[in-house]
Amino acid sequence: MTGIGFDLLATDGRARRGRVTTAHGTIETPAFMPVGTAATVKAMTTDAVASTGAEILLGNTYHLMLRPTAERVAQLGGLHRFMNWDKPILTDSGGFQVMSLSDLRTMSEEGVTFKSHLDGSRHHLTPERSIQIQHMLDSNITMCLDECTPFPATEAQAESSMRLSMRWARRSKDAFVERPGYGLFGIVQGGIYPEQRAESVAALTDIGFDGYAIGGLAVGEGQETMFRVLDFTEPLMVKDRPRYLMGVGRPSDLIGAVRRGVDMFDCVMPTRSGRTGQAFVRSGTINIRNARHAHDERPLDADCGCPACRSYGRGYLHHLFKADEMLGPMLLTWHNLHYYQDVMRTMRQAIADGNFEEVAGAMEARLNEGDI
Ligand SMILES: CNc1nc2cc3c(=O)[nH]c(N)nc3c(CC[C@H]3O[C@@H](OC)[C@H](OC)[C@@H]3OC)c2[nH]1
Ligand SMILES: [Zn+2]
């Protein structure tokens, strides 16, 4: 059944070093996946994204079904051709964005009906339609249509929401067209409740998927609660398939989640905050718009080899943001994605070398140094 391959190459405690194999190439894990919601990683060409070390990027059913439509993307050769990215692509199923972006939506057993946040047109998304859209997009890793349980939620609300997602997971699996090098991931729900999470893991494992995402987190619960949910959920998950923690996170989130057995991540932080002038560096974060950077000729991060850090000082980057020059968001996005890939590369090497805790602890200690 395996649409995509997964090899577990090494472990160090619960941390895992692996390799995902798809029709469009391999992904070394732990991996960070840049978000390319509307068929573009904002402010970056795909060559630039590849130069950071990223091996897979994300697209989104919700955005692309509204504009330019999945039919148009398919007509223009599929998402790889359309956006000139010949490596793996993972697409989200759209449920999360429907709940967070659209208005006038109604949920039913069948699916979700909503109005486009772009032009108010009405749309209907069911597990079957979401899987079909992701197939038309030629996505290597398709996500089941689920309901991301809101936070906070009572245990009864989490149980009811999770069970709907499990019924939709079954329908998603039945609608998925198996192809070598293409896979379908289930999404574990259950809120912050151990019994609900356990029931969800068991239900998805019973259906059988190429990989398992942990959903319903990074929705405002905070890092401590997120790690606690990982601590009682991850041990229940099969070891021979990738685990993907959706929507996570800041560097300290990535380190703590890799420590707890997560293989794949996605987050808008490096790109979205890069566009607002926030740089992630080894010692924490820098808001380049702050006046104290105006005269500083040092690079963002002396240990970074990205185009921004190789060629420009903070004073120049500060000027670009003050002048609202588009090169500013481009360079900070590039730096942040490059740095995120450095963090993942460092953790992959540490797990392979068997000194993950020493390396991760040192990274966490530096992150707490605070702004410089
Ligand atoms: C920020 N915190 C966060 N928690 C999340 C939890 C879930 C979840 O339970 N189910 C689903 N289906 N998606 C989730 C998502 C969205 C990830 C997508 O959101 C998009 O980023 C904006 C991106 O789309 C290119 C990505 O694609 C996988 C979450 N995001
Ligand atoms: Zn840099």
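Quantities reported herein were computed from a predicted structural model and do not represent experimental measurements. Note that ligands are numbered from 1 as they come in the structure, with each ligand's atoms numbered from 1 the same way.
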note = The SG(Cys306)-the Zn ion (ligand 2)-SG(Cys309) angle, to 10°, is 110°
Between [X] and [Y]: side-chain donor-acceptor atoms closer than 3.5 Å:
X      : Y      : value
Asp353 : Gln349 : yes
Ser165 : Glu147 : no
Ser161 : Gln157 : no
His63  : Thr37  : no
Asp138 : Tyr182 : yes
Gln196 : Gln189 : no

[X] heavy atoms, cut-off 4.0 Å: which ligand 1 atoms fall inside?
X      : value
Gly59  : 25 (C)
Val35  : 21 (O), 23 (C), 25 (C)
Ile187 : 12 (N)
Val268 : 21 (O), 22 (C)
Gly215 : 8 (C), 9 (O)
Gly247 : 1 (C), 2 (N), 3 (C), 30 (N)
Tyr244 : 28 (C)
Leu58  : 25 (C), 26 (C), 27 (O), 28 (C)

Using heavy-atom distances, let me know which of [options] sits nearest [atom].
atom                    : options                      : value
atom 20 (C) of ligand 1 : Gln97, His63, Glu221         : Gln97
atom 14 (C) of ligand 1 : Phe185, Phe96, Tyr62         : Phe96
atom 9 (O) of ligand 1  : Ser161, Ser93, Gly216, Pro34 : Gly216
atom 10 (N) of ligand 1 : Asp146, Val248, Asp266       : Asp146

Are any of the side-chain nitrogens in [X] or [Y] under 4.0 Å away from the carboxylate oxygens of its partner?
X      : Y      : value
Arg292 : Asp296 : no
Asp301 : Arg282 : yes
Glu28  : Arg17  : yes
Asp303 : Arg366 : yes
Asp231 : Arg228 : no
Arg314 : Glu297 : no

ask   = Would you say His338 has an N, O or S atom lying under 2.8 Å from the Zn ion (ligand 2)?
value = no
task = Please state whether the rings of Tyr312 and Tyr316 are parallel, tilted or perpendicular, taking 30° and 60° as the class boundaries.
result = parallel
Determine, using heavy atoms of [X] and all atoms of ligand 1, whether some pair is separated by less than 4.0 Å.
X      : value
Met143 : no
Phe151 : no
Met33  : no
Gln189 : yes

message = Does ligand 1 come near enough to Ala218 that some N or O of the ligand is less than 3.5 Å from an N or O of the residue?
response = yes
request  = Flag Thr37 as yes when one of its N or O atoms lies below 3.5 Å from any N or O atom of ligand 1, and as no otherwise.
outcome  = no
query = His335: which N/O/S atom is nearest the Zn ion (ligand 2)?
reply = ND1
Identify the closest protein heavy atom to [atom]: which residue and atom is it, and at what distance?
atom                    : answer
atom 17 (C) of ligand 1 : Asp92 OD2, 3.5 Å
atom 24 (O) of ligand 1 : Asn60 ND2, 2.7 Å
atom 4 (N) of ligand 1  : Leu217 O, 2.7 Å

ask   = Would you say Arg260's side chain and Ile255's backbone share a donor-acceptor pair under 3.5 angstrom?
value = no
